Amino acid sequence: MHISFNRGGATMTNLDSDGVPSPSRLEGKYKAMVVCWFLGLGSLVSWNSMLTIGDYYYNLFPSYHPARVLTLVYQPFALGTMLILAYNEAKIDTRKRNLMGYIIFFFSTLGLLLLDLGSSGKGGIGNYIGICVFVAAFGVADAHVQGGMVGDLSFMRPEFVQSFFAGLAASGALTSGLRMMTKAAFDKSNNGLRKGVMLFLSISTFFEFLCIFLYAFIFGKLPIVKYYRTKAASEGSKTVSADLAAAGIYTEETASNDIDKHERLSNKQLLFQNLDYALDLYLIYVLTLSIFPGFLYENTGSHQLGSWYPVVLIAMYNVLDLIGRYTPLIKSIKLESRKGLLIASLSRFLFIPAFYFTAKYGDQGWMILLVSFLGLTNGHLTVCVLTAAPKGYKAPEQNALGNLLVLFLLGGIFSGVALDWLWIIGNGKF
């Protein structure tokens, strides 16, 4: 592999013998972490807006179970697209994949906004189907972005993965915070709920546009990102060439005897070596999504907080999920043992009886505490697994492994969403 540099590549011509970048080559580490945070935020802010304005859709479509149905529409599209992308990951240009994802997010969020404006906030099956179509597009975009970004960041630094996933959680905390402000500001005013929703979707649309700009023009030009992508290209990665070209670095395949040097483990081998990590992510998300958000909207009864109750529960989950994604930065509580991660993921299933009995007999304070702990463990374990798994592999393998792990994460979400319907059956109103 021959790598030639155009503009801005001077600091990267000679790699260290041990492969560790010198400080001059680490320029932009904190900038990259901030950009990763925003890219994470953008890859979930649209969907989190949909979840957080659930009470608006319950007003418009009271008999259609929007929190559950919309999640069930979103997930098969996310999982199906992710399956195709993970299978063909080595041949797919990461730049086109990520940009395509953020562009679909932008137009779908804008579409939801225009649909509501066009129909003047009316209910009805036609509008509901329209909303479902845009939500399916969110699923397709999510698979493009989450798999593409995690694969890309897996061969860079663990802090970038942590920052991206913190951004994902921040989108939930941000939308919950905004929802509480709009509810307080517009609750009593005429058509107040809808005004809040309009503001919400406008902010989400802006963030999606910001992500397109950051990924296309800022992220790839940071010296540290160029360094890791160049290193990945030298290890045989074909997915980074368009991103490197955009930063003025061109890669050419040279001698065919390089092929042996670039031999990599197949996806199947990678999966077998990391089956426990994949299972961890599946178990974490199957449990979380079987409780959040459907159970919190429909099965927690009525309390003193009234219509604020589900809003407060969703907000507590999101804030603690965000905090949980930063706790692995504290070395003493970061779980790195493979056995420990599996035991922790399995032990979370104790939440199911805990939630059932709290909803039946407990007070709202206990429910808020439980929801907070659900969020905290979700965030902490996600980051622990995704930063531990890629260690020790070559860049193309780390990219493939990142995609495979996101596939299992989405599989867990899909299963959790399907299992979430079991709570309704117990209620006897399907």
Side-chain angles (χ1 to χ4, degrees), residues 1 3 9 12 28 32-33 35-44 78 81-106 140-161 163-165 167-168 208 211-253 262 264-265 267 270 386 389-390 393-407 409-410:
M1 172 80 71
I3 299 169
M12 299 153 68
M33 284 172 75
V35 174
C36 286
W37 192 88
F38 275 105
L39 292 172
L41 180 95
S43 63
L44 214 51
T81 310
M82 191 62 218
L83 259 170
I84 297 163
L85 292 172
Y87 184 75
N88 299 302
E89 152 281 321
K91 303 186 208 86
I92 296 171
D93 182 328
T94 306
R95 184 176 179 80
K96 283 182 190 152
R97 173 180 174 171
N98 288 336
L99 283 173
M100 170 75 82
Y102 286 119
I103 289 166
I104 296 172
F105 268 134
F106 172 73
V140 173
D142 183 28
H144 276 77
V145 168
Q146 234 186 107
M149 284 302 301
V150 173
D152 207 21
L153 300 176
S154 290
F155 60 72
M156 295 187 200
R157 297 181 72 85
E159 297 97 311
F160 293 179
V161 176
S163 208
F164 179 78
F165 275 89
L168 285 177
E208 297 307 346
C211 285
I212 296 170
F213 175 78
L214 285 174
Y215 190 85
F217 303 109
I218 309 287
F219 187 61
K221 291 180 181 162
L222 296 171
I224 188 165
V225 175
K226 287 199 265 189
Y227 168 76
Y228 281 111
R229 282 182 173 157
T230 308
K231 189 163 171 277
S234 71
E235 289 174 3
S237 179
K238 302 207 174 45
T239 58
V240 293
S241 49
D243 274 313
L244 284 174
I249 301 165
Y250 297 91
T251 62
E252 306 151 25
E253 277 299 334
H262 296 154
R264 53 155 276 197
L265 295 170
N267 285 2
L270 278 170
L386 282 158
Y393 289 105
K394 286 192 292 196
E397 293 165 347
Q398 289 170 320
N399 188 354
L401 184 56
N403 274 274
L404 288 168
L405 291 175
V406 170
L407 179 63
L409 185 154
L410 291 176

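Counting begins at 1 with the first residue of the sequence. Fair warning: this is a prediction, and the values are worked out from it, not measured in the lab. We use all heavy atoms of the structure for the numbers below, so side chains are in, but hydrogens, waters and symmetry mates are not.
- The NZ atom of Lys96 sits 12.0 Å away from the CD1 atom of Ile103 when rounded to the nearest 0.5 Å.
- Closest of all the heavy-atom pairs between Ala400 and Glu89 is CB-OE1, 3.3 Å.
- A distance of 10.5 Å separates CG in Leu386 from CG in Leu153, rounded to the nearest 0.5 Å.
- Exactly one residue among Ile224, Val225, Thr230 makes a side-chain contact (heavy atoms from CB on, under 4.5 Å) with Tyr228. That residue is Ile224.
- A donor-acceptor contact shorter than 3.5 Å links the side chain of Gln398 to the backbone of Pro390.
- Remark: Leu41 CG to Leu214 CG distance equals 10.5 Å, nearest 0.5 Å.
- With hydrogens and angles ignored, the 3.5 Å screen pairs a side-chain donor or acceptor of Ser43 with a backbone N or O of Gly40.
- Checking side-chain atoms of Thr81 against main-chain N and O of Val140 turns up no donor-acceptor pair under 3.5 Å.
- At most 12 heavy atoms of other shown residues, nucleotides or ligands fall within 6.0 angstrom of atom CE in Met100.
- Minimum heavy-atom separation, Tyr102 to Leu39: OH-O, 2.7 Å.
- The two residues Leu405 and Ala389 make their nearest non-hydrogen contact at CD1-CB, 3.6 Å.
- Between the CG atom of Asn403 and the CG atom of Leu83 there is a distance of 11.5 Å, given to the nearest 0.5 Å.
- Shown are Arg229, Arg97, Arg95; of these, the side chain to side chain donor-acceptor pair (under 3.5 Å) with Asp152 is made only by Arg229.
- In this structure, SG in Cys211 is found 12.0 Å from CZ in Phe219, a value given to the nearest 0.5 Å.
- When every heavy atom of Leu99 is checked against every heavy atom of Ala216, the shortest pair comes out as CD2-CB, 3.9 Å.
- Residues Leu409 and Gln146 are in side-chain contact: their nearest non-hydrogen atoms beyond the backbone lie under 4.5 Å apart.
- A heavy-atom distance below 4.5 Å is not found between the side chains of Tyr87 and Asn267.
- Pairing each heavy atom of Val406 with each of Met82, the nearest pair is CG1-SD, 4.0 Å.
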**Message:** Does Phe155 form a side chain to side chain contact (heavy atoms under 4.5 Å, CB included) with Val240? I'd like the steps, not just the answer.
**Reply:** CA-CA 11 Å; Phe155 60 72; Val240 293; 3.5 Å; yes
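- Atom CE of Met149 sits about 9.5 Å away from atom OG1 of Thr94, to the nearest 0.5 Å.
- Closest approach of Ala143 to Ala78, counting heavy atoms only: CB-O, 3.3 Å.
- Glu208 places no side-chain N or O within 3.5 Å of a backbone atom of Phe105 that could act as its donor or acceptor partner.
- The backbone N or O of Lys231 sits less than 3.5 Å from a side-chain atom of Ser234, completing a donor-acceptor pair.
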